[in-house]
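What follows is one structure encoded as C-alpha cells, with my remarks underneath.
Order of listing sets the numbers, starting from 1, for every ligand and every atom in it. Given the structure is predicted, the values throughout are model-derived calculations rather than measurements.
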Amino acid sequence: MGLLSEGSPLSWEETKKLADHVRKHGVIQFINLYKRLRDRQGDILKWGDEVEYIMVKFDHENKTAKVSLRASEVLNTLNQKEKDDPTGVKSLWRPEYAAYMIEGTPGKPYGGMLAHFNVVEANMKYRREEAQQLMKKNEVVMTLTNFPRLGAPGFTDPPTKPTPHEGASRSLFFPDDAIYDGHPRFATLTRNIRERRGSKVAINLPIYRDKNTPQPFVEDLNQYGGDAQSASAALPDHVYMDAMGFGMGCCCLQLTFQACNIDEARRLYDQLTPLCPIMLALTAAAPVFRGLVTDVDARWNVISGSVDCRTEEERGLKPLKDNKFVIPKSRYDSISSYLSPLGEKLNDIPVLHDGAIYQQLRDAGIDHLLAQHVAHLFIRDTVSLFSEKVHQDDEEDTDHFENIQSTNWQTMRFKPPPPNSPIGWRVEFRPCEVQITDFENAAIVCFVVLLTRVILSYQLNFLIPISLVDENMKRAQKNGAVTKEKFWFRKNITTCVSPPAATSCCKISDDCTFYTQFTIDEIINGKAGEFPGLVPLINSYLSGMDVDADTHCTVQQYLKLIQRRASGELLTTAGWVRDFVRAHPDYRQDSVVSERINYDLLWRIHGIQTGEVQCPELLGTNAQSKTREDIPSAMRKDFPGASCSE
Ligand code: GLU
Ligand code: MG
C-alpha cells in the first residue's frame, strides 16, 4: 500500500507541524530526481501484477468463516525466503493494511515476450500455494475483494472487540486488532487520518432494498456503542461504516508497467485512464459490506471514504479559516488531469494545485502538465511520518516525495524511477478488483497488458474529457453496471498513423463528436459500424504476429472470458455473489448476510477456486487454461510495442 519507512511514527500533532517541511523537501526531491532522470531512454517493457489476498478461517462444525489475523506471522516466514535468496525467489510478499491480508507479486517482472502470458497464471498459482502451505488447519488464502461480514459482530479469528472510545480507528465495528501490526504505518495512518479530518471517517453505501428490508433502513447503533456523532453520520437506507479498515481492508489486482521513457509513460498514464472505470465495472466483486447487501458492486467509493482526511473546511462544509483549499476529492480517488500533450485540452475539471509549488516546479524547467500534476498531489499533508526520516539529503533521498505520492491513492499512478536503480519511468493501473480464481486474474492482467501494446503499436487515442471519466467512475460502481450502464467512450480512437483495423466510422474530417455512450459489451466486443471493440483490436494486433500454439490458446481463453463477462453471458463476481446470497435458503429477503450464508458463500468460493466446484455462470466451462512454469527458448520472441518505437 505504499512506503514502509523504518522507525518510530510521530504523533499527529508532531506530524502536522512538519507538513510544510515534508512538502518543501518532497518537491525539491522530485525536482532533483526529474533533472537526473528526465532524459532516461531505452528502458524496455517490463510489467508485473500485484495480488492482494485475505486469510479466512473456517469452522465447519459451527458453520462460520472469519478473517484470520495471522498476516504478520505468515509474512515473517514468506519474507525469510526472500532474505535468504533475494534474486532467486519466484514471489515477493508484502504487508497490506489489514492483519488478515497479504500481498504477493512475481519475484521478477515479466518482459516483452508474448510467451510470458503463459506463465502469469502459473506464478499466481505458485504464490497461492506458497501462502496456502503456511495456513493452519481450516485456514484458506482467498482472493476476494471484500470479506462479506467484515465489521459484523465476531468476524475475526481470534475474536477481537472494537474500541469505540480509544485507539486508532475508534470504530463501532472494526477493531484496531484487525489492522496489520507488523509495521506501525497502518495504525498511524488510521489515527492521523481521523485526527486530521476532525472526526471518524463516514462511509454510507446505499442498501440493496429487498422485499423484507425495513423501510426506512435505520440501524440501532447504540447496540455497538454508538453516540450522537455516529447517529448523525449514518444515513438512513445506507450501510454505515466508520473505519479505514472497511476500505483499505479490501483487496485489488494492480498492474505496473515500465515505459521506455518519460514520454511513453505519460502517454500510457493517459491512455489507460479512460479504461479505469470500464475495468472497475468489468471486475466488480464487492456487493456485500458489513454483512449487508448493498446497491453497489465495487469497493471504490468505500476506500475513497475510508481515507478521506479532509477537514470540514476542505469538504466545503465550513468557510475556509485554518485550511488553504476546498478539496473536491479524497486522497483515494480518480485522477484529475492527463499528463500528455494529447490530453491537455481534455483536462476539463479544475486541477486543484498549490500555486507556489507549481511555480517552483515551472522555474525548475518542468512543463505545465507535469508541474500541475505534482502540485496537485502536493495539496495533501503527510499523514504518516517517522522520526528517523524527518531530515533527509534532498540530492539522494526521495522519501518525502514518496510520502505524499504513495498516499495519493488514485486510479493511475505516475512513478518516477527510484534513485540509483535500474528501474525506469513507470505507470500503475489500480482500479481492478481481485477475482476468485487465478485464471480470471491472469485473464485481466493479460488483457490490460495486451491493450497497452495495441495502444502503443497502433498509436490509438482513447482520451475523453476527464469529467466524463469521473462520470463513468460513478456509473461503474452501480449494481449491475457491467450490463445495465452505458459509459462515455471515444468513438474515433484512431490517429493519423493507426492501421485500418482500428478505424471506426467517425473520421476526424466528419462532422461528429468524438465520444459517445457505449455499453461495456460494445466497448469490449465492438458495435457494428461504430466501434471496432477492444478485443477485436487485440486480435487484429495478434494476427500480425507469429504466435506459438500454446500462447495463442492461453491468450484466447483469457480474451474469451473478458468478452463473455462484457456481454453479460457470464456474471461478474459481484453479480454471482448477489445471486448466491439471494438464492440461499437462509436468506430472508432482508439484505442481511448471516453467519451461515457467509460461511456457505466463502466455502463455495473456495471450491470454485480449487476447481472442485464448477461454476459455469462465472467461468463458463473449461476455465482452466494450459499454463507453463517456464518459457521454452523457441517461444522467446518480443512482440511489437515492447521497446521504444520513436
Ligand atoms: N487495497 C487497495 C485497493 O483495493 C490498494 C492498496 C494499495 O495501493 O496497494 O485498492
Ligand atoms: Mg497493495
Side-chain angles (χ1 to χ4, degrees), residues 1-4 48-55 67 71 75 78 91-106 124 127 131 141-147 150 174 178-180 182-183 185-186 189-190 193 201 203 205 241 243-256 276-277 279-281 283-287 289 296-308 329-335 377 380 383-384 402-415 426-435 441 444-445 448 473 476-477 573-574:
M1 190 183 78
L3 182 73
L4 291 177
D49 64 82
E50 280 169 53
V51 177
E52 296 172 343
Y53 302 79
I54 63 175
M55 304 186 303
V67 291
L75 279 169
L78 291 170
S91 61
L92 300 172
W93 293 94
R94 298 291 173 260
E96 251 304 334
Y97 178 82
Y100 53 83
M101 281 168 91
I102 52 178
E103 178 186 290
T105 57
M124 287 178 176
R127 272 179 262 166
V141 172
M142 302 180 86
T143 40
L144 188 63
T145 293
N146 185 32
F147 181 79
L150 196 79
F174 194 96
I179 303 173
Y180 182 76
H183 193 283
R185 167 178 170 87
F186 304 102
L189 280 170
T190 310
I193 285 171
V201 293
I203 306 146
L205 283 192
M241 289 167 275
M244 181 165 168
F246 282 108
M248 282 298 182
C250 289
C251 297
C252 66
L253 169 67
Q254 293 165 335
L255 278 156
T256 299
C276 289
M279 291 311 292
L280 180 60
T283 60
F289 285 85
V296 305
D297 270 4
R299 79 199 189 290
W300 194 264
N301 280 351
V302 180
I303 314 191
S304 180
S306 83
V307 291
D308 189 354
K329 292 182 182 182
S330 162
R331 306 176 83 104
Y332 185 106
D333 220 311
S334 49
I335 68 157
L377 301 180
R380 309 286 172 179
V383 270
S384 142
E402 280 298 331
N403 185 317
I404 302 298
Q405 157 98 333
S406 74
T407 50
N408 270 277
W409 296 279
Q410 299 179 340
T411 36
M412 298 292 308
R413 190 176 279 160
F414 183 69
K415 298 168 87 160
R426 287 155 305 153
V427 296
E428 193 178 331
F429 186 71
R430 303 171 46 84
C432 295
E433 309 224 313
V434 76
Q435 310 293 298
N441 288 317
I444 291 160
V445 163
V448 177
M473 282 301 288
Q477 300 175 59
T573 313

Q) Do the ring planes of F186 and Y180 sit parallel (below 30°), tilted (30 to 60°) or perpendicular (above 60°)? A) perpendicular
### Task
Quick one: do T407 and L189 satisfy side-chain contact (heavy atoms from CB on, under 4.5 Å)? Show the steps, please.
CA-CA 9 Å; T407 50; L189 280 170; 4.1 Å; yes
Residues passing the side-chain hydrogen bond (donor to acceptor under 3.5 Å, both in side chains) test with R94, sequence neighbours excluded, are E82
So, leaving waters aside, the tally of protein N/O/S atoms less than 2.8 Å from the Mg ion (ligand 2) stands at 3
Practice prompt. Evaluate side-chain contact (heavy atoms from CB on, under 4.5 Å) for T190 paired with F174, printing each intermediate quantity in order.
Written response: CA-CA 12 Å; T190 310; F174 194 96; over 6 Å; no
(request) For the pair W93 and Y53, name the ring-plane relationship: parallel under 30°, tilted 30 to 60°, perpendicular over 60°. (result) tilted
Hey, are the side chains of N301 and V296 touching, using non-hydrogen atoms and a 4.5 Å cut-off? no
Original post:
Counting distance only, does the side-chain N/O of T256 pair as donor-acceptor with the main-chain N or O of E428 below 3.5 Å?
Top reply: no
Exercise for the section: Taking S306 for its side chain and I303 for its backbone only, find out whether a donor-acceptor pair lies under 3.5 Å. Expected result: yes
Lining ligand 1 at under 4.0 Å, by non-hydrogen atom distance, are residues M1, E52, E96, E103, C250, C251, C252, Q254, R299, I303, Y332, W409, R430
Residue set satisfying side-chain hydrogen bond (donor to acceptor under 3.5 Å, both in side chains) with W409, at least two apart, ordered chain then number -> none
